[in-house]
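Below is one structure, written out as structure tokens; comments come after it.
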Amino acid sequence: MIVDAQHVSRVFAMSAGPVVAVRDVTLQIGQGDHIAIRGPSGCGKSTLLHMLGCVDAPTTGTLLFGGEDVARLSDAKRSRLRLRQIGFVFQRFFLLPMLTARENVELPLSEAGVSKRERQARTSELLEYVGLAARADHRPSQLSGGEMQRVAIARALANRPQLLLADEPTGELDVATGEQIAALLNRVNVDGTALVIVTHDQTLASRARRVLHMRDGAIEREVIA
């Protein structure tokens, strides 16, 4: 088991009173799982994803990652866990504009203390994997939206995470490019990485083996393919 979330909730203190963004969610994510999270805007999908990625801590409930209670980890250990065990892909890519594709992918490897030789080899391997070996020295401004998302996926995979979390990864892309990114993410999952995707994209969600439907912060139902 990678993630074991038991009755987790996330409450935000607001001036008008507390807002419950995630409500009493119990969820397990195992090796090789492929999960899509769907639901209307504002229903808590992204907040849940942030908790699964150990970015936000649950207000109540217990979240175990690899058997460890995330709430008991120091900030440094949680940061290390995110760097080493979890990859993140976002709707707007968040590539550093002054760096090339190669340098963007290499960055998390450098942060993890990987040697220069290993970083270069791993980066070349990943850019080949996502079909961008020929664009390695291009900066984000020289890449299409689909190419930028491919770089973002390569960066997320740099440290060989157990779990890849994607928040609307096709939201900024046209239909044809979105289908290409969906196929790439499916390949990542088939190759052994557990995948959880928040999406409004029916095509992307249809590839998942488990689809969680959220409403008002809770998982309303789960559909297993």
Side-chain angles (χ1 to χ4, degrees), residues 1-6 8 10 21-56 63-66 82 85-94 126 129-131 145-146 148-150 152-157 160-225:
M1 187 71 64
I2 300 173
V3 174
D4 186 4
Q6 293 290 328
V8 296
R10 185 72 170 98
V22 173
R23 189 187 309 273
D24 193 28
V25 167
T26 292
L27 174 64
Q28 290 77 42
I29 303 170
Q31 299 287 342
D33 254 340
H34 187 173
I35 300 170
I37 303 175
R38 306 199 70 197
S41 297
C43 72
K45 303 185 298 296
S46 293
T47 302
L48 176 58
L49 200 74
H50 292 162
M51 285 198 292
L52 297 176
C54 305
V55 175
D56 285 340
L63 180 72
L64 305 180
F65 194 103
R82 289 194 299 269
Q85 303 296 334
I86 306 169
F88 297 90
V89 178
F90 302 98
Q91 180 173 345
R92 295 191 176 176
F93 323 129
F94 293 119
L126 283 165
Y129 183 81
V130 300
M148 285 192 283
Q149 194 62 292
R150 287 175 180 273
I153 291 169
R155 180 185 58 187
L157 295 173
R160 295 182 171 86
Q162 294 186 67
L163 176 63
L164 182 64
L165 303 176
D167 195 351
E168 297 289 358
T170 60
E172 296 277 311
L173 306 175
D174 61 66
V175 172
T177 305
E179 288 177 352
Q180 292 171 3
I181 294 301
L184 176 58
L185 289 169
N186 191 66
R187 179 185 172 194
V188 168
N189 176 250
V190 169
D191 288 344
T193 304
L195 178 62
V196 180
I197 302 174
V198 163
T199 185
H200 286 98
D201 185 337
Q202 173 58 37
T203 301
L204 188 57
S206 68
R207 294 174 178 266
R209 289 185 290 278
R210 298 168 60 191
V211 181
L212 310 179
H213 294 268
M214 290 189 70
R215 184 174 295 277
D216 297 328
I219 295 177
E220 190 175 50
R221 60 192 171 95
E222 177 175 348
V223 177
I224 299 176

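These figures come from a predicted structure and were not determined experimentally.
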Query raised in the report: Rounded to the nearest 0.5 Å, how far does CD1 of I224 lie from CZ of R210?
Result: 6.5 Å

Query raised in the report: Hey, does L195 have a side-chain heavy atom less than 4.5 Å from the side chain of I197?
Result: yes

Report summary line: Across all chains, not counting sequence neighbours, the side-chain hydrogen bond (donor to acceptor under 3.5 Å, both in side chains) partners of T193 are none

Report task. Determine, stepwise, if the pair E222 / H213 fulfils side chain to side chain donor-acceptor pair (under 3.5 Å). Result -> CA-CA 6 Å; E222 177 175 348; H213 294 268; over 6 Å; no

Report summary line: Minimal heavy-atom distance between F93 and L173, with the atoms involved, is CZ-CD2, 4.1 Å

**Report entry** Closest approach of G30 to I2 (non-hydrogen atoms, all atoms of both residues)
**Finding:** O-CD1, 3.8 Å

Query raised in the report: Going from CG on L212 to CZ on R221, what distance comes out if it is rounded to the nearest 0.5 angstrom?
Result: 10.5 Å

Query raised in the report: Charged N to carboxylate O below 4.0 Å: is that the case for D216 and R23?
Result: no

Query raised in the report: For the side chain of N189 and the backbone of G32, is there at least one donor-acceptor N/O pair under 3.5 Å apart?
Result: yes

Query raised in the report: So, the side chain of S206 versus the backbone of T203: is there a donor-acceptor pair under 3.5 Å, distance only?
Result: yes

Query raised in the report: Does some side-chain heavy atom of V3 sit less than 4.5 Å from a side-chain heavy atom of L64?
Result: no

Query raised in the report: Taking all non-hydrogen atoms of both residues, which atom of L204 and which atom of A182 are closest, and how far apart?
Result: CD1-CB, 3.4 Å

Query raised in the report: What pairs with T170 under side-chain hydrogen bond (donor to acceptor under 3.5 Å, both in side chains), at least two apart in sequence or on another chain?
Result: D201

Query raised in the report: Heavy-atom distance under 4.5 Å between the side chains of V55 and F88, does that happen here?
Result: yes

Report summary line: Taken in chain and number order and not counting sequence neighbours, the residues that satisfy ring pair (Phe, Tyr, Trp, His ring centres under 6.0 Å) with F90 are F94

Query raised in the report: Any sub-3.5 Å donor-acceptor pair from Q149's side-chain atoms to P169's backbone N or O?
Result: yes

Query raised in the report: Of the non-hydrogen atoms in C54 and I86, which two are nearest, and what is the gap between them?
Result: SG-CD1, 4.1 Å

Query raised in the report: If only atom types and distance count, is the side chain of K45 paired as donor or acceptor with the main-chain N or O of G39 below 3.5 Å?
Result: yes

Query raised in the report: Looking at CG of L63 and CG of D56, how far apart are the two atoms once the value is rounded to the nearest 0.5 Å?
Result: 11.0 Å

Query - side-chain hydrogen bond (donor to acceptor under 3.5 Å, both in side chains) partners of R38, counting only residues at least two apart - result: Q202

**Report entry** Contacts of R209 that satisfy salt bridge (charged side-chain N to carboxylate O under 4.0 Å, His left out) - sequence neighbours left out
**Finding:** none

Query raised in the report: If every non-hydrogen atom of P40 is compared with every non-hydrogen atom of M214, which pair is closest and at what distance?
Result: CD-O, 3.5 Å

Query raised in the report: Between Q31 and D33, is any side-chain donor less than 3.5 angstrom from a side-chain acceptor?
Result: no

Query raised in the report: Hey, are the side chains of R207 and H34 touching, using non-hydrogen atoms and a 4.5 Å cut-off?
Result: yes

Requested in this report: Answer whether the closest heavy-atom distance between the side chains of I29 and L52 falls below 4.5 Å.
Outcome: yes

Requested in this report: Would you mind reporting whether F65 and D4 have side-chain heavy atoms less than 4.5 Å apart?
Outcome: no

Query - Qualifying residues under side-chain hydrogen bond (donor to acceptor under 3.5 Å, both in side chains), relative to D167, sequence neighbours excluded - result: S46

Report task. Report yes if some heavy atom in the side chain of P161 is under 4.5 Å from a heavy atom in the side chain of Q85; otherwise report no. Result -> no

**Report entry** Close side-chain approach of E168 and V198, heavy atoms under 4.5 Å
**Finding:** yes

Report task. Using atom types as modelled and distance alone, determine if a side-chain donor or acceptor of R10 lies under 3.5 Å from a backbone N or O of A21. Result -> no

Query raised in the report: Judged by atom type as modelled, is there a donor-acceptor pair below 3.5 Å linking the side chain of E172 to the main-chain atoms of G145?
Result: no

